[in-house]
*Asks:* 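Pasting in a structure now, in C-alpha cells, and then I'll have a few things to ask.
Small disclaimer: the values here were computed from a predicted structure and weren't measured. We count ligands from 1, going down the list as the structure has it; atoms in each ligand are counted the same way.
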Amino acid sequence: MANSIPAALRQFIAGKWEDGDGADLVSSNPARPAETVAAGRQAAPEQLERAVEAAAGSARAWAAAPMHERGAILVRAAGILDAAADALGLELAREEGKTVAEGRGEVARAAQILRYYGNEGDRAAGEVFSSPRRGEQILVVRKPLGVIGVITPFNFPIAIPAWKIAPALVYGNTVVWKPASTVPLLAQRLAEALDEAGLPKGVLNLVAGSGALGTALVEHQLLDGLTFTGSTGVGRRLAAAGAARGVPVQAEMGGKNAAVVLAGADLDLAAEQVLFGAFRSTGQKCTATSRLIVEEPIADDFLARLTGRLQQWRTGDPADPFVQMGPLVSGSAAEGVRRGIDAALSGGARLAFQGSLPEDAGAAFVPPTVLELPAEADAAESNPAWTEELFGPVLAVRRASGAAQAFEWAGQGEYGLSAAVFTQDITRVLGAVDGIDVGILHVNSESAGADPHVPFGGARKSGYGPKEQGQSAKEFFTHTTTVYLRGGTPA
Ligand code: UN1
C-alpha cells in the first residue's frame, strides 16, 4: 500500500467531533512503522468529563425512545459499514496488522452484529408470569442501567466494539467508549457510522487515548456499568474498581485454548482448522488455539499435515492479498512473544516448526511457530508456552495417551475460554462436553469464532460477570423491574 495521507483523529463528545486536547495520538502501520495511518491528539481529562456528562444528560430521553427506534439507527449504521467494507477492511489491516481479507470480514461482522441488535425490538423484551392471586399477572420488564463505559482491545478494532456498543444502545443505555490506543482510526470509523445513521447527540461518546482515560472512566461517579475486553491483569483491576463503587462489570479476559485431535479424526480438516485457530490474526485472539493436544498414535502424521500447510503460508504485509499472516500489533507486542518463545525453549521445548519472514520484515513480525513440549508432565506443565497467554502465532504441542488424558490437559490452568475437539466418535464428543470446562466448545471447527445470538465468554478466570452476546447481553445491559399487575374489582 502506497503511503497515503494520514487520517485526522478526533474525539466524539456530545454529538460533536472535536480535536483532542491531550498528548499526541499516532496510529502507525505495524507492517511499516514509518507509515502513519492516522494522527491527532488524545482526549484530555476535561474531555472525558464532558463525555460522561453528555452520556448522563442524554440517558433519560434515549431510554424513553422505543426500542424499534433505537434499533433502526443500528440497522442504518450496519448498512453504512457494509457499503464501506472494502475501504475500512484495508484501513483495519494497515492499522492493526491482520490481513485485508480478515479486516474486510471483521467489518462485515460488525455490520452483522449491529443488524442483529438492531432487530432486537422484534424479540421478547421481558417475561410474563402467572400470579398465585386471582386477578393479577406478574410482568418482568427490562430497563437500561444508564451510562455504560466501554473499554475495548486492539485485536478486533471494530467487531468487539460493535458487540458491546450495539446491545448497550439498543437496550437504552448511553455510552462512553475508550478504545485501545493502537487502533483509534477504526474506532472513529464505527462512531462515524453511528453518527451518520442518526444517533442523537450524547448517546455515544468516543474518547481515545492512553489507559489513564479508562481508569478515570471506571472511577467516574456517573458511571452505571462497565464492559471490558482485554488482558486479565487490567480486567481484574477494572472489576475491582467497579466493585468498590457498586458498578456492575463485564470483563472478557484471557484464554489458553486447546485443540484436541483424537485418533480417527478427519486429519486434513483438523489440520486446516488448527492452523486457522492458531495463526489467523497472528494468534492475537482471546479464542486463538495456543495448545495442541494430539493422541500419540496419530501425532507424527498430524504434525506433518499441519506443518505442511504452514509451509504454504506467507507472512508479510497484510495489505498484500497473497499474504496469510501479518505482523503483531506493534514491535513491543512482538518482542513479548519472542521472549515467550525463548523462555519456552529454555524450559525444554523443541522447535518443531518455524515459518520464514520476508527480508524486509520489521520488528513487529514473528513467524508462525510450533513448539513441542517435553514429554515429562512437570516440565511440560510449567513451560510458559503451556501456562501463559502469549497472544501471538505460537502453538505448544503435547502428545496424549488417550482421550481422557487429552481432556484433562485441555482444562489445565486458570483459563477456560474455548476449546476445539476433533473426532468422528460421538462418545468422545460427549466426553469432551462433560470433561472440558470451557465457555465455548467447538467440535470439528477451530477454537475461535462467535455468533451474535448465542452466549460468548469463558469459564473460570477467563471471564467476570455475565457473558456477552445474545440473551446474555440483555442480562448485563439491563436490570429488571417486577410488576405485580392487578386491575380493580370487575363490574
Ligand atoms: C472470535 O473468536 O472470533 O478478544 C472473537 C477476543 C475475543 C473475541 C474473539 N473477545 O479475541
*Asks:* What is the nearest protein non-hydrogen atom to atom 8 (C) of ligand 1, stated with its residue, atom name and distance?
*Replies:*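 Protein heavy atom at minimum distance: W163 CH2, 3.5 Å.
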
*Asks:* Within the 4.0 Å heavy-atom shell around F456, which atoms of ligand 1 are there?
*Replies:*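 With F456 as reference, the close atoms of ligand 1 come out as 7 (C), 8 (C), 9 (C), 10 (N).
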
*Asks:* Check this for me, if you would: do E372 and R399 make a salt bridge, where the nitrogen-to-carboxylate-oxygen distance has to be below 4.0 angstrom?
*Replies:*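 Yes.
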
*Asks:* Counting non-hydrogen protein atoms only, what is the nearest one to atom 5 (C) of ligand 1? Give residue, atom name and distance.
*Replies:*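 The closest heavy atom on the protein side is R109 NH2, 3.5 Å.
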
*Asks:* Is there a polar contact, in the sense of an N or O pair closer than 3.5 Å, between Q284 and ligand 1?
*Replies:*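 In fact, backbone or side chain, Q284 has no N or O that close.
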
*Asks:* Using the rule side chain to side chain contact (heavy atoms under 4.5 Å, CB included), only one of L292, V397, V261 pairs with L306; which is it?
*Replies:*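 With L306 as partner, L292, V397, V261 yield a single side chain to side chain contact (heavy atoms under 4.5 Å, CB included), made by L292.
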
*Asks:* Check this for me: does any side-chain nitrogen of one of K256 and E388 sit under 4.0 Å from a carboxylate oxygen of the other?
*Replies:*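 No.
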
*Asks:* Strictly below 4.0 Å, N to O, side chains only: are E106 and R109 in salt-bridge contact?
*Replies:*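 No.
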
*Asks:* For atom 11 (O) of ligand 1, what is the closest protein heavy atom, and at what distance to 0.1 Å?
*Replies:*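 The protein heavy atom lying closest is C286 N, 2.6 Å.
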
*Asks:* Taking only heavy atoms of A448, which atoms of ligand 1 are found under 4.0 Å from at least one of them?
*Replies:*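 In order of number, 2 (O).
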
*Asks:* With sequence neighbours excluded, give me every salt bridge (charged side-chain N to carboxylate O under 4.0 Å, His left out) pair touching residues 224-242.
*Replies:*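 For residues 224-242: R236-E414.
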
*Asks:* Between T227, N205, T152, which is the residue that forms a side-chain hydrogen bond (donor to acceptor under 3.5 Å, both in side chains) with W177?
*Replies:*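 Single side-chain hydrogen bond (donor to acceptor under 3.5 Å, both in side chains) partner of W177 among T227, N205, T152: T152.
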
*Asks:* Counting distance only, does the side-chain N/O of S181 pair as donor-acceptor with the main-chain N or O of S210 below 3.5 Å?
*Replies:*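 No; judged by distance alone, with no hydrogens or angles, the pair does not exist.
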
*Asks:* Under a 4.0 angstrom heavy-atom cut-off, which atoms of ligand 1 come close to K285?
*Replies:*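 Those atoms are 11 (O).
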
*Asks:* Considering the heavy atoms of T229, write down every atom of ligand 1 situated less than 4.0 Å from one of them.
*Replies:*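 Those atoms are 4 (O), 10 (N).
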
*Asks:* Would you say ligand 1 has an N or O under 3.5 Å from any N or O of N155?
*Replies:*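 Yes; at least one N/O pair falls below 3.5 Å.
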
*Asks:* Note the single closest protein heavy atom to atom 1 (C) of ligand 1, along with its residue, its atom name and the distance in Å.
*Replies:*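 So the nearest neighbour among protein heavy atoms is G449 N, 3.3 Å.
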
*Asks:* Using 4.0 Å as the upper bound for N to carboxylate O, is an ion pair formed by E91 and R94?
*Replies:*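 Judged by the 4.0 Å cut-off on N to carboxylate O distance, R94 and E91 do not form a salt bridge.
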
*Asks:* Give yes if a backbone or side-chain nitrogen or oxygen of T287 is under 3.5 Å from a nitrogen or oxygen of ligand 1, and no if not.
*Replies:*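 Min N/O separation from ligand 1 is below 3.5 Å for T287.
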
